[in-house]
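One structure below.
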Amino acid sequence: MANVDGSWETVAKTPMGDQKATLTVVSSGDTFTGNFNGGMGSAEVKDGKVNGDTLTWKMDITVPMPLTLDCEATVDGDSLEGKVTAGAFGSFPLTGVRA
């Protein structure tokens, strides 16, 4: 299992431009808690799961509109790569490095 805990400086490539945020991960077995703080506000991690080196979670956002985001990222050492899915708006690449 990868060391997924810590703070991650992430960038999501969205139609509204690059969205930078800090993802905080605190794992406990096959689950994790944390938050996502960036220029568009902050959101608590919901339903955080750890499967080997892969994280999956949901976030409820209110900006630019109320929406639940489905997120997935795979940790490889001090980097992560994945996607954010915004319902009917599609999926956007997510990358990050350990802070």
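Below, each value reflects all heavy atoms present in this structure, side chains not excepted, and no hydrogens, waters or symmetry copies. The chain is numbered in sequence order, starting from 1.
Applying the salt bridge (charged side-chain N to carboxylate O under 4.0 Å, His left out) test to residues at least two apart or on different chains, none of the pairs has a partner in residues 32-44. Applying the salt bridge (charged side-chain N to carboxylate O under 4.0 Å, His left out) test to pairs two or more places apart or on separate chains, those with a residue in residues 7-25 are Lys13-Asp18. Sorted by first and then second residue, the salt bridge (charged side-chain N to carboxylate O under 4.0 Å, His left out) pairs with a member in residues 55-69 read Lys46-Asp60, Lys58-Asp70; sequence neighbours excluded.
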Which atom pairs, one a donor and one an acceptor, fall under 3.5 Å between side chains of residues 88-99 and the rest of the protein, sequence neighbours left out?
unit_1	atom_1	unit_2	atom_2	d
Ser91	OG	Thr85	OG1	2.8
Arg98	NE	Asp78	OD1	2.7
Arg98	NH1	Asp5	O	2.7
Arg98	NH2	Asn3	O	2.7
Arg98	NH2	Gly77	O	3.0

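Ring-plane geometry between Trp57 and Phe32 is classed as perpendicular, the angle between the planes exceeding 60 degrees on a 0 to 90 degree scale with a lower cut at 30.
Residue Glu81 holds its CD atom at 8.0 Å from OG1 of Thr74, rounded to the nearest 0.5 Å.
In this structure, Lys83 has no salt bridge (Lys or Arg N to Asp or Glu O under 4.0 Å) partners at least two apart in sequence or on a different chain.
Residue Val45 is tested with Thr24, Thr33, Leu55, Leu23 for a side chain to side chain contact (heavy atoms under 4.5 Å, CB included); the sole match is Leu23. With Phe36 as the partner, the side chain to side chain contact (heavy atoms under 4.5 Å, CB included) test is satisfied by one option alone out of Leu69, Val84, Thr10: Thr10.
Inter-residue side-chain proximity for Thr22 and Ser7 is flagged as met; some heavy-atom pair is nearer than 4.5 Å.
Looking at Thr14, its side chain does come within 3.5 Å of a backbone N or O of Gly17 through a donor-acceptor pair.
Taking Ile, Leu, Val, Met, Phe, Trp and Tyr as hydrophobic and joining them when side-chain heavy atoms fall under 4.5 Å apart, one finds Met16 in a cluster with Met40, Val63.
In the hydrophobic clustering of ILVMFWY residues, with side-chain heavy atoms under 4.5 Å counting as a link, Ile61 and Trp8 come out together.
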